[in-house]
Amino acid sequence: MSPTLISSGPGRAKMLRAVVPAVALCGVIAATLSFLVPTTASAGPTIKVAQAAPVQPGFQRFAWLNAWADHHTAPGGAAAGRLDGVPRMRIVVGHLRRTVIDFGVLAEVEAPQREAFESFGREYALVSTPDATDDAVFYRRSVFRLVSKDTVTMYYRHGARVTAPVVVLEERSSGQRVGVLPVHFPATLPSAPRQKKWRDVNARIVKDAVARAEVPMVVAGDFNQRNDILCDLTSAGTGLVSPLATHEKCATARRAPIDQAFLSPSLRPDRYRVYSGPSARRATDHGAFYQVRVRLSGIA
């Protein structure tokens with residue numbers, strides 16, 4: 001396979017930096033981040049977190065969560081009475097260890113949290129951007145190696161441009177590659193109304209990124225949407241599936257959380273889990289961590 005995520009060519013660099021007018025809704029490969037306090041996810045039943053057994057050979061565990069940007073709980077923040085970002089990240093790393101997570105996405109992280117993750121979780125590598133608040137990809141060093149990283153543009157509140165990493169990882173044991181795109185769509189709030197158009201733009205960007213990818217993809221993070229994005233990103237032609245429901249059942253499925261993951265079908269996601277115990281509720285205002293098992297061996 002090619003070591004890059006996106007098909008190469010003379011127009012590639014220009015395409016990655018192209019401006020996407022809202023009215024045109026054209027596809028640009030990108031990801032998103034947030035300075036905004038998101039709405040609370042419907043996490044589902046609490047699952048007791050114990051030391052998980054390693055997955056079968058050829059399978060890996062993928063996790064995603066909203067890390068709740070440090071400034072929200074820092075002195076003067078809207079939630080200054082809550083645990084601040086550094087000890088919250090220690091909780092996150094402890095959870096990843098107990099559940100034997102191999103790679104994943106952290107939405108809404110800031111410098112103190114990135115530093116804490118790299119300090120507490122030395123077995124993991126973190127791929128982020130220089131933005132003050134961004135969405136990051138992490139992976140277990142003993143399981144994966146970094147093949148490539150692109151920095152791409154997406155749209156947040158009121159159309160503000162933000163950057164995020166689009167990462168290609170290679171499983172060390174098999175040589176199989178997988179792309180990861182972390183996202184954070186803008187929420188519609190009283191202080192930020194009419195954000196749906198930017199979520200729609202971002203959904204088109206995601207579809208375009210997946211369509212151009214040369215490796216199986218995982219798109220995960222905080223979509224600030226529920227069953228509507230579940231239906232949209234599993235529709236025919238997107239090249240994505242969800243561990244929550246098929247497209248045919250998405251509208252009538254159980255109310256989806258705003259933190260979701262969409263994957264290429266060849267990854268065969270299963271064993272979807274939601275952890276919503278006391279630790280998760282201390283670590284994130286979404287009150288839950290999420291994970292799924294994927295298969296990286298035998299990918300066509």
Side-chain angles (χ1 to χ4, degrees), residues 3-5 30-35 38 60-74 83-154 156 162-172 177-184 209 215 217-222 259 261 275 279-280 283-284 286 288-292 294 296:
T4 58
L5 175 67
T32 188
L33 52 86
S34 170
F35 298 89
Q60 304 299 345
R61 289 191 178 100
F62 177 86
W64 65 100
L65 62 108
N66 184 300
W68 199 14
D70 179 72
H71 75 267
H72 293 305
T73 54
L83 201 63
D84 72 26
V86 171
R88 286 192 284 109
M89 191 55 71
R90 187 189 289 271
I91 292 173
V92 169
V93 171
H95 172 80
L96 299 179
R97 285 181 178 145
R98 287 191 299 273
T99 53
V100 197
I101 298 301
D102 298 297
F103 68 127
V105 161
L106 301 175
E108 198 179 324
V109 293
E110 294 180 343
Q113 294 163 295
R114 290 191 288 266
E115 293 169 5
F117 185 92
E118 291 169 344
S119 175
F120 301 146
R122 294 184 181 274
E123 67 268 44
Y124 294 103
L126 189 69
V127 186
S128 58
T129 75
D131 288 350
T133 306
D134 74 341
D135 309 311
V137 175
F138 67 88
Y139 61 92
R140 190 180 292 273
R141 299 176 192 272
S142 61
V143 175
F144 290 101
R145 73 177 186 90
L146 178 65
V147 176
S148 66
K149 168 192 169 183
D150 281 315
T151 300
V152 293
T153 305
M154 219 164 184
Y156 200 65
V162 292
T163 57
V166 182
V167 175
V168 174
L169 302 174
E170 182 178 271
E171 188 183 38
R172 294 182 181 275
R177 292 178 178 180
V178 60
V180 185
L181 170 60
V183 303
H184 195 162
V215 296
M217 287 291 296
V218 183
V219 182
D222 179 358
D259 300 305
Y275 295 91
S279 292
T284 170
H286 289 211
F289 305 144
Y290 303 85
Q291 75 173 55
V292 70
V294 301
L296 293 183

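Residues: numbered from 1 along the sequence shown.
A donor-acceptor distance shorter than 3.5 angstrom exists from the side chain of Asp131 to the backbone of Thr163, with no hydrogens or angles considered. Between the side chain of Tyr124 and the backbone N or O of Ile101, at least one donor-acceptor pair lies under 3.5 Å. The closest donor-acceptor contact from the side chain of Glu108 to the backbone of Thr133 lies at 3.5 Å or more, if one exists at all. Of the possible polar contacts, none joining the Asp150 side chain to the Val152 backbone as a donor-acceptor pair under 3.5 Å is found. Side chain of Arg141 to main chain of Arg122: a donor-acceptor pair is present (N/O by atom type, distance under 3.5 Å, no hydrogens or angles).
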| request: Starting from the C-alpha separation in whole Å, work towards a yes-or-no answer on side chain to side chain contact (heavy atoms under 4.5 Å, CB included) for Val86 and Gln113. | output: CA-CA 6 Å; Val86 171; Gln113 294 163 295; over 6 Å; no
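Distance check: Leu96 CG to Gln291 CD gives 9.5 Å after rounding to the nearest 0.5 Å.
Two residues are said to be in side-chain contact when any heavy atoms from C-beta on lie closer than 4.5 Å; Val166 and Lys149 fail this criterion. Between Leu106 and Val92, some side-chain heavy-atom pair lies under the 4.5 Å cut-off. Taking 4.5 Å as the limit, every side-chain heavy atom of Val178 sits out of range of all side-chain heavy atoms of Val215. Side-chain atoms of Val109 and Asp134, non-hydrogen and from C-beta on, do get closer than 4.5 Å to each other. When side chains are defined from C-beta on, Arg114 does not count as touching Pro112, because their heavy atoms never get closer than 4.5 Å. At least one side-chain heavy atom of Glu123 sits less than 4.5 Å from a side-chain heavy atom of Arg97. Looking at heavy atoms from C-beta onward, Asp102 lies out of side-chain contact with Glu171 at the 4.5 angstrom threshold. Residues Arg177 and Val147 are in side-chain contact: their nearest non-hydrogen atoms beyond the backbone lie under 4.5 Å apart.
The ring-ring contact (aromatic ring centres under 6.0 Å, His included) test applied to Phe62 returns Trp64, Phe103, not counting sequence neighbours. Residues satisfying the side-chain hydrogen bond (donor to acceptor under 3.5 Å, both in side chains) test with Arg172, not counting sequence neighbours, are none.
In summary, of the residues considered (Thr73, Asp70, Thr284), a side-chain hydrogen bond (donor to acceptor under 3.5 Å, both in side chains) with Arg88 occurs for Thr73 alone.
Smallest separation of non-hydrogen atoms from Leu181 and Met217: CB-CE, 3.9 Å. Heavy-atom minimum distance, Pro165 versus Thr129: CD-CG2, 3.4 Å.
Between His95 and Phe289, the two ring planes are tilted [angle within 30° to 60°].
Between Asn66 and Asp259, the side chains place no donor N or O within less than 3.5 Å of an acceptor N or O (distance only, hydrogens not considered).
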